[in-house]
Amino acid sequence: MTLSLNIGNLFNDSSSHALVDELRKRTSEKDILDFEEKFNSKNEKNLHVYICRFLKNRSISRGVASKWLITIIKNKEAKINAMQKLNN
């Protein structure tokens, strides 16, 4: 199934299921971060918002959600630390 990354404000069952499928099949940190970057560049809301929404609605497992969120947070923290080192 092809995933249209331009979900925007419309979040129907079809796009929701497609996004959950994408989250499940990407397992490496590189794949996760590449997908996050591509998704965030084409949608109004960042991927972590959708992941949290899926978690709240119990449409994704806690294991999958936590893996994605931890990977995204670690990446953001690494970027912040790198920028702080450049400014010091």
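Atom NZ of residue K42 and atom CG of residue L47 lie 14.0 Å apart, to the nearest 0.5 angstrom. Remark: S61 OG to R24 CZ distance equals 6.5 Å, nearest 0.5 Å.
Minimum heavy-atom separation, H48 to L69: CB-CD2, 4.0 Å.
Residues L33 and F39 fall into different hydrophobic clusters, defined by Ile, Leu, Val, Met, Phe, Trp and Tyr side chains chained together at heavy-atom separations under 4.5 Å.
In this structure, V64 and V20 have side chains that are not in contact, with every pair of non-hydrogen atoms separated by 4.5 Å or more. Under the 4.5 Å side-chain criterion, counting only non-hydrogen atoms from C-beta, L19 is not in contact with S16. Looking at Y50 and L55, their side chains never come closer than 4.5 Å, going by heavy atoms from C-beta outward.
Side chain of W68 to main chain of L23: a donor-acceptor pair is present (N/O by atom type, distance under 3.5 Å, no hydrogens or angles).
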Name the atoms and distances for all side-chain donor-acceptor pairs under 3.5 Å in residues 70-84, with sequence neighbours left out.
residue : atom : partner : partner atom : Å
T71     : OG1  : K67     : O            : 2.7
K76     : NZ   : E36     : OE2          : 3.2
N81     : ND2  : E77     : O            : 3.3

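Considering only residues two or more places apart in sequence or on other chains, D34 meets the salt bridge (Lys or Arg N to Asp or Glu O under 4.0 Å) condition with K30.
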